[in-house]
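Presented below is the structure to which this report refers.
Please read these numbers as outputs of a predicted model, since none were measured by experiment. All chains are named by letter (A, B, ...) in the order of the sequence lines, taking the proteins before the strands, and each is independently numbered beginning at 1.
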Protein chains: 2
Amino acid sequence: MKGNIKLDATDKKILEILQKNSNITNAQLAKEIGLSPAPTLERVNKLETTGVIKSYHAVIDPAAVGLGVSTFVMVSLKGHNKDNISKFISAIKSIDEVVECHHITGAGDFILKIVCADIAAYQQLMLEKVSNIEVVDSLQSMVILSTFKDSKSLALPNQQA
Amino acid sequence: MKGNIKLDATDKKILEILQKNSNITNAQLAKEIGLSPAPTLERVNKLETTGVIKSYHAVIDPAAVGLGVSTFVMVSLKGHNKDNISKFISAIKSIDEVVECHHITGAGDFILKIVCADIAAYQQLMLEKVSNIEVVDSLQSMVILSTFKDSKSLALPNQQA
DNA sequence: GTTTATTCCAAATAAAATTTGGTCAAAAAT
DNA sequence: ATTTTTGACCAAATTTTATTTGGAATAAAC
């Protein structure tokens with residue numbers, strides 16, 4: 001039930017613009033895509049109700065709120081069975097500093113993205129929370145030294161419906 | 001010049017709410033934080049002008065627009081000098097499918113997040129674009145099988161100003 | 001204890017979103 | 001081939017929301 005929504009060039013323009021800046025007014029959006037406000041709004045509403053647009057978020061500067069350490073962590077589990085995986089996932093979901101958790105192919109089983117205040121907080125988080133999840137076997141941390149690209153826009157492919 | 005902005009409990013509430021849903025009306029936001037619309041708006045504006053809130057974005061469903069493959073790629077460069085690093089970064093910035101690029105400690109030098117249509121598109125992207133960056137030494141791909149957490153909200157730490 | 005800064009509210013105003021009614025053109029049906 | 005239906009659109013009215021204003025209350029500075 002996904003991927004079968006037809007998007008024309010106008011819809012794509014809307015998605016490109018709203019991914020870059022969702023605080024644009026409907027009137028301005030209408031002007032940029034070359035339509036009047038009424039059908040523009042209608043299209044945006046349709047994109048929302050069909051689930052193409054999932055949500056809208058403010059992005060904050062981590063440094064400005066005292067979040068100085070971001071990391072990726074590769075996690076290997078003790079067993080790869082469904083039960084262990086769901087135990088791991090539910091434990092991870094309760095840790096606020098873990099902002100992403102993906103099941104992956106390759107070296108590890110999961111990759112996490114963690115954002116927290118400083119190295120001390122990170123150490124404590126890893127020792128007291130992540131390491132303590134019983135099904136966790138090994139952890140490999142990669143500390144982010146600096147971020148050169150963090151686009152909030154996905155490049156839209158040429159539909160192959 | 002970062003991290004020295006004082007945020008009280010009300011500001012934090014605002015940030016928590018706007019990270020979760022930036023499309024809330026100012027009136028509703030005011031109600032949720034227990035203030036009237038005027039000072040609420042004033043606080044939001046201040047958070048924007050001081051750079052605490054960086055931007056606002058719509059999040060789209062990758063599957064709904066035909067983006068079926070997401071990966072992390074660990075990249076090692078041939079040399080770790082400034083010149084090679086800046087060559088790599090500028091090449092990466094021009095590839096739309098690369099949505100994130102972080103300089104990291106640990107196994108590789110950089111980690112990328114890539115989102116594209118399918119495995120064929122991914123292969124082509126890697127072969128024709130990423131591998132072709134001259135300073136790239138080795139690449140290790142991790143394909144995302146499924147995503148269990150992708151929070152757009154950072155957990156705000158207790159200020160230590 | 002006065003002044004100065006903030007922070008806030010209620011109410012007025014301005015701007016924006018949303019609805020409405022109807023036109024037009026393309027596609028489907030007859 | 002003509003009619004009907006459908007979908008997308010626009011202009012303008014209406015409703016909702018954002019924003020400004022002026023002033024009160026509070027707390028910090030002097």
Inset, instruction - Grab the CD-C1' distance between B:Glu42 and C:dC9 for me, whole Å please. - result: 11 Å
Inset, instruction - Specify the glycosidic conformation (syn or anti) of D:dA8, with syn defined as within 90° of 0. - result: anti
Legend entry - Rounded interatomic separation in angstrom, taking CG from B:Leu35 and P from D:dT26: 15 Å
Legend entry - Sugar-phosphate only, base, or nothing, as touched by A:Ala38 at under 4.0 Å among non-hydrogen atoms: base
Inset, instruction - Would you kindly give the CG-to-C1' distance between B:Leu41 and D:dT17, to the nearest whole Å? - result: 11 Å
Inset, instruction - Output the single nucleotide from D:dT19, C:dT18, C:dA17 whose closest atom is nearest the side chain of A:Thr25. - result: C:dA17
Legend entry - Base partner of C:dC9, which must satisfy Watson-Crick or wobble distances under 3.5 Å: D:dG22
Legend entry - Integer-rounded Å distance: C:dA17 P and A:Lys31 NZ: 12 Å
Inset, instruction - Check the distance between D:dA18's P and B:Gln28's CD and give it to me in whole angstrom. - result: 10 Å
Legend entry - Spacing of B:Asn26 atom CG relative to C:dA17 atom P, expressed in whole Å: 14 Å
Inset, instruction - With rounding to the nearest 0.5 Å, note down the distance linking CG in A:Asn26 to NZ in A:Lys31. - result: 12.5 Å
Inset, instruction - Send over the distance from A:Asn23 CG to C:dA17 C1', rounded to a whole Å. - result: 14 Å
Legend entry - B:Ser22 versus A:His57, side-chain donor and acceptor atoms under 3.5 Å: no
Inset, instruction - Would you kindly give the NZ-to-P distance between A:Lys46 and D:dT6, to the nearest whole Å? - result: 14 Å
Inset, instruction - Identify whether any heavy atom of B:Ser36 sits under 4.0 Å from a base atom; if not, whether one sits that close to sugar-phosphate; answer base, sugar-phosphate or nothing. - result: base
Inset, instruction - Please round to the nearest 0.5 Å and tell me the distance separating atom CZ of B:Arg43 and atom CG of B:Leu15. - result: 10.5 Å
Inset, instruction - Please give the nucleotide sitting opposite D:dT14 as a Watson-Crick or G-U wobble pair, both distances under 3.5 Å, or none. - result: C:dA17
Legend entry - Short side-chain donor-acceptor distance under 3.5 Å, B:His103 and B:Asp109: no
Legend entry - Check: A:Phe72 ring centre within less than 6.0 Å of B:Phe72 ring centre: yes
